[in-house]
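As C-alpha cells, the structure follows; a few thoughts come after it.
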Protein chains: 2
Amino acid sequence: LKAVLIIADGMADRPLKELDWKTPLEAARKPSLNQIAKAGICGIMDPISPGLPPGSDTATLAVLGYDALKVYSGRGAFEAIGCGVNVLRGDVAFRCNFATVGNNLVVLDRRAGRISNEDASKLAESLRKTKLEKSSNAVFIFKNTIQHRAVLVIRGPELSTDVSDSDPEKVGEKVLETKPLDESPEAALTAEILKKLMQKFHEVLMQHPVNKERVRRGLPPANIILCRGAGAVPNIKSLSQIYNIRAVCVGATPLIRGVCKTAGMKLIDVKGATGTPQTDFMAKAKATIQALKTNDFVLLHVKATDVASHDGNIRQKIELIEKIDSMLGYMLDNIDVDVTYLAVTADHTTSSVTGDHEGDPVPIAITGPYVRCDDVEKYDERACAKGGLNRIRGMDLMPILMNLIGKTKKFGA
Amino acid sequence: LKAVLIIADGMADRPLKELDWKTPLEAARKPSLNQIAKAGICGIMDPISPGLPPGSDTATLAVLGYDALKVYSGRGAFEAIGCGVNVLRGDVAFRCNFATVGNNLVVLDRRAGRISNEDASKLAESLRKTKLEKSSNAVFIFKNTIQHRAVLVIRGPELSTDVSDSDPEKVGEKVLETKPLDESPEAALTAEILKKLMQKFHEVLMQHPVNKERVRRGLPPANIILCRGAGAVPNIKSLSQIYNIRAVCVGATPLIRGVCKTAGMKLIDVKGATGTPQTDFMAKAKATIQALKTNDFVLLHVKATDVASHDGNIRQKIELIEKIDSMLGYMLDNIDVDVTYLAVTADHTTSSVTGDHEGDPVPIAITGPYVRCDDVEKYDERACAKGGLNRIRGMDLMPILMNLIGKTKKFGA
C-alpha cells in the first residue's frame with residue numbers, strides 16, 4: 001500500500017463577487033478532483049489551527065505530521081536547504097535579496113531589476129571572498145539561487161535566530177539595522193556578525209564592475225544584500241524514523257523542498273517543474289507515478305495556484321486548478337487504485353481579494369481501498385465541509401494516511 | 001440524572017467488499033441502536049487522536065476522560081488489577097503465559113496447550129514459593145487467571161517499567177532475555193530481578209510433577225513462564241474525585257476491569273458475563289439497570305465484537321452487533337429515559353480485513369433529556385458522521401456526559 005499527497009499551494013479561496021460568489025475551486029471545471037471527492041472521504045482541514053493563516057513552510061510541516069507551533073524555527077534554514085546548502089544544527093540561515101539602494105540606504109528596488117542569474121553569480125563570487133572577524137569564530141555560506149534571490153548561512157559555536165531582518169520589505173524605506181531580539185549574548189553576537197557582514201557586502205557591491213556595467217546599461221545596480229527570515233534547522237525525527245517509510249517530494253519550490261528534506265524525504269528533480277504557473281504539470285504527474293514504484297509516500301507539491309492568488313488573478317487561478325485537474329486525471333488513469341491512496345488538499349487558503357494567506361480551512365479528500373467514502377460529489381471548500389472526515393487539523397492527516405497504508409503502531413494493548 | 005456508557009469493543013469497522021461495501025454496523029439489523037441515534041445526538045469520535053490505532057486500555061482510559069498519551073504506563077498493571085491483584089504505586093506488573101519450550105528455549109506452544117485452570121493453579125502454587133534474592137529488597141505476586149494466562153507483580157523500592165518482554169510472541173522463536181530499556185539503575189535492577197525469577201520459575205516447572213504427568217498424557221508441559229507488557233499504576237484521580245460521582249463497571253474483560261478499577265470505579269461481577277462472544281448479554285443489561293439504582297454512572301463493556309473482528313469473522317460480528325442491539329432494546333424498555341442518558345460507542349475501529357485495531361474514528365450517539373438531537377436516523381460509522389456532535393475525541397466524552405447529568409463545575413465566573 002502506498003500514498004500520494006497532492007498539495008496545491010494556496011488553492012483554497014473565499015467566495016468571490018467576480019465568480020457570482022463562488023470560489024475559484026467551485027467555478028473551475030474539475031472532473032478528476034470531483035471524481036476523487038466522489039470516490040473518497042472528504043472534509044475540511046485547518047492546516048495549523050482555525051483562523052491562523054499559515055505560511056507554506058509551517059503548513060507543510062503540519063501536514064507532514066509535525067507540530068509546527070512547537071518545532072518551527074524560521075524560514076531561512078528551509079530555504080537554504082531547499083537550495084542545496086547543507087545547513088547544520090546550530091547554523092543560522094537567512095533568505096536574501098540582491099537589491100538596489102540610493103542615498104541614505106533607501107531601498108529603490110527590492111529585486112535589483114530582477115537581476116540575471118549571470119550577474120548575480122558574478123557578484124556572489126566576490127561576496128564569498130569577504131572575511132568575518134576572527135573573534136566571532138564564525139564562517140558563512142552565501143549562495144545566489146534564481147535571479148535576485150540568495151541564501152546566507154552563518155555557522156559558529158554560539159548563534160541565535162533571534163535577530164531582526166535588514167530587509168524593510170518595502171520600496172522607499174531605509175535598510176534596517178539588524179538587531180538582537182532578545183537579551184542573550186548569542187543574539188547580540190549574531191546581530192553583530194550580520195551587521196558587519198552586510199556592511200562589507202555593501203562596500204564590495206558598490207565597487208563591483210558588474211554593477212558599474214549595469215548602471216552604464218541603465219539597469220539598477222545590485223548594490224546591497226537584504227536579509228530576512230533568520231532560521232535554524234528544527235530538531236525533528238524523519239518520516240522514516242517515525243513511520244518506517246520511504247518518502248519523497250516531487251516539487252520545485254526551494255522552501256517546500258527544504259521542509260521535505262528536513263523531514264528526511266528524498267527530493268526528486270523534475271525537468272520542466274519550475275514552481276511557477278508555467279510548470280510542467282504532466283512531468284510532475286509522471287515523476288510521481290515513477291516514484292511510487294520504489295517509495296511508500298510521495299508528496300506532490302504545486303506552487304502555481306498560490307502565485308495566481310497573490311496576484312489576485314482569478315482567471316489564472318481557475319485555469320491552474322483545471323491544469324491540476326488534468327494532472328490528477330492522468331494520475332488516476334495510471335496508478336493502481338487498489339493499492340494506492342490519493343489525498344488532495346491545499347496548504348492554506350489564499351484570498352484572491354486580500355492577496356494573502358488566510359486562516360480559513362482547506363478542502364481535503366482521500367480515496368483508496370476501504371476508506372469510508374461519503375456522499376460528497378464535488379471537490380471544493382464548501383462541498384467537502386459536508387464530508388465524512390468532518391474537520392481535522394493538518395497534523396492529523398499524516399497519521400490518517402499512514403494508518404491507511406498500515407504504517408502506524410498501536411498505542412496501548 | 002444518571003448516565004450509561006455502552007462500549008462495544010472494536011465494533012466500528014471499514015466498508016467491506018463482502019457486505020457490498022457496507023460496514024458490519026451498516027449491514028446489521030439494529031432497531032434499538034437506530035432508535036438511540038434517532039432520539040439522540042450523534043457524531044464520530046477519535047478515541048485518542050485521528051489515525052492513531054488505540055489499544056483497548058488506552059481507549060478506555062481516554063473515554064473515561066483521561067489523557068491517555070500522558071498517563072498511560074503499560075498494560076501489565078491494568079491486567080493484574082483486573083484479575084483482582086492489589087497493585088500498588090511503584091509496583092511493576094506483567095502479563096504472563098504458561099508456555100511450552102523445547103531445546104534451547106525455543107517456544108513450541110505459547111499457551112501450553114491451553115492448560116487447564118486446575119493444572120495452572122497447582123503450578124502457580126509451587127512458583128509462589130520461589131524466593132527473590134534478599135539484596136533486591138523486592139517481593140513478587142504471581143497469580144494464574146484463566147487457562148494459560150497469569151499475572152506477575154514485582155514490588156520493591158526502586159523498580160522501573162522500562163524493561164523488555166521475555167515473550168517473543170511467536171512460536172519457533174527463542175525466549176528473549178529481559179533487558180533494561182533505558183540507562184537507569186531502576187530498569188537494570190528490574191530486568192535483573194525478572195531474569196533471575198524467570199530462570200527459577202523455569203527450573204521449578206521443569207521438575208514439576210504436574211508437567212511430568214502432562215507429558216505422560218501427551219500434553220505439552222507448561223515448562224516456562226513468558227512475560228510481557230510491563231506496566232505500573234498510572235497516577236490519576238478517580239472519577240469520584242473529579243466529578244463526585246459513584247461509578248461502576250459492568251464488564252468481564254480483566255484489562256477493562258483493571259482500567260475501571262484504576263479510575264476508582266466499582267466492579268460488578270455478572271454471572272454469565274465472560275468477555276467472549278458467548279457472553280450473557282441480557283445478564284449484563286439487567287446488571288446495568290440494577291447498578292443504575294445506586295450509582296450515577298455505569299460503563300457497560302462488551303468485548304465480543306472485537307473478538308469476531310480479530311478473527312475476520314464478519315457474519316459473527318454482525319450477529320454480535322444484533323445481540324448488542326437486543327440488549328439495548330431491553331435497556332430502553334426498562335430504564336427511565338426521562339432521567340437517564342445513554343451513550344453508545346466503540347473503543348476503536350477493528351478492521352475485519354486487517355484483523356487489527358485501526359485509527360478510524362468510531363460512531364457515538366447520546367440520548368437523554370434535553371440533548372440537541374439531530375437528524376441522524378441510523379447508528380453507524382457514516383450516518384453518525386453527519387450528526388450534531390461532529391467529530392470529538394475520546395477525552396471529550398466524559399465531560400459531555402458529566403455535564404448532561406449536572407456533575408461538571410463551571411470554569412471561570
Side-chain angles (χ1 to χ4, degrees), chain A residues 1 3 5 38-46 50 62-65 67 242-243 245 297 338-339 341 343 361 364 366-376 383-413, chain B residues 12-17 21-23 26 43-44 46-62 68-69 72-76 78-79 95 228-229 231 255 259 347-349 351-354 356-361 363 380-387 389-392:
Chain A
L1 295 171
L5 170 59
K38 215 163 178 168
I41 184 168
C42 301
I44 50 175
M45 181 170 84
D46 296 293
V63 296
L64 288 175
D67 188 344
I242 301 170
Y243 298 112
I245 54 167
F297 174 69
D338 289 340
V339 294
Y341 290 87
I364 164 82
I366 306 172
T367 62
Y370 304 105
V371 299
R372 290 177 185 162
C373 53
D374 52 37
D375 52 9
V376 174
C384 285
K386 299 188 172 183
L389 284 172
N390 293 15
R391 187 170 187 153
I392 61 173
R393 297 212 178 190
M395 265 183 79
D396 300 329
L397 182 58
M398 200 65 184
I400 290 171
L401 290 177
M402 292 301 104
N403 180 242
L404 287 169
I405 68 167
K407 293 291 184 181
T408 43
K409 284 192 205 103
K410 188 163 67 175
F411 170 61
Chain B
D13 210 317
R14 290 173 175 171
L16 299 169
K17 196 177 172 199
W21 300 110
K22 288 182 179 175
T23 67
E26 288 169 345
I44 49 174
D46 295 293
I48 311 270
S49 64
L52 183 71
S56 286
D57 47 6
T58 51
T60 305
L61 266 177
L69 289 170
Y72 183 65
S73 49
R75 175 168 180 157
F78 294 131
E79 198 83 32
R95 304 165 67 202
R228 65 188 193 281
L255 182 63
V259 172
D347 59 348
H348 50 76
T349 292
S351 162
S352 295
V353 174
T354 65
D356 281 330
H357 295 194
E358 299 294 353
D360 309 59
D380 62 58
E381 298 85 350
R382 288 186 278 202
C384 285
K386 299 188 174 185
L389 284 173
N390 293 16
R391 186 169 187 153
I392 61 172

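Chain letters run A, B, ... following the sequence lines, proteins first and then strands; every chain starts at 1.
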Side chain / backbone / both / neither for [X] at chain A, heavy atoms under 4.5 Å:
X: B:Ser56; answer: both
X: B:Ala59; answer: neither
X: B:Leu255; answer: side chain
X: B:Asp360; answer: both

Which heavy atom in [X] sits nearest to a heavy atom in [Y], and how many Å separate them?
X: A:Arg372; Y: B:Thr349; answer: NH2-OG1, 2.9 Å
X: A:Phe411; Y: B:Thr58; answer: O-OG1, 2.7 Å
X: A:Arg391; Y: B:Arg391; answer: O-CD, 4.3 Å

### Query
Which one, B:Ser351, B:Gly231, B:Cys384, B:Gly359, leads in non-hydrogen pairs under 4.5 Å with chain A?
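Between B:Ser351, B:Gly231, B:Cys384, B:Gly359, the count favours B:Gly359.
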### Query
What residue, out of B:Ala385, B:Pro53, B:Pro54, has the most heavy-atom pairs lying under 4.5 Å from chain A?
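Heavy-atom pair counts peak at B:Pro53.
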### Query
With a 4.5 Å limit on heavy-atom distance, are the side chains of A:Arg393 and B:Pro50 in contact?
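With C-beta onward as the side chain, the pair stays apart.
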## Note on the structure
Cut-off 4.5 Å, heavy atoms of chain B, and the answer for A:Leu404 is both
### Residue list, side-chain contact (heavy atoms from CB on, under 4.5 Å) with A:Asp374, at least two apart or on another chain
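A:Asp374 satisfies side-chain contact (heavy atoms from CB on, under 4.5 Å) with A:Ile41, A:Cys42, A:Val376 only.
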### Query
What class does the angle between the rings of A:Tyr370 and B:Trp21 fall in, given that below 30° is parallel, 30 to 60° is tilted and above 60° is perpendicular?
tilted
### Residues, nucleotides or ligands: over 12 heavy atoms within 6.0 Å of A:Lys407 NZ
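It does: A:Lys407 NZ has more than 12 such atoms within range.
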### Message
Please determine whether the number of non-hydrogen atoms from other residues, nucleotides or ligands lying under 6.0 Å from atom NZ of A:Lys410 exceeds 12.
### Response
yes
### Query
Atom OG1 in B:Thr354, atom CG in A:Asn403: separation rounded to 0.5 Å?
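If we round to the nearest 0.5 Å, B:Thr354:OG1 and A:Asn403:CG are 8.5 Å apart.
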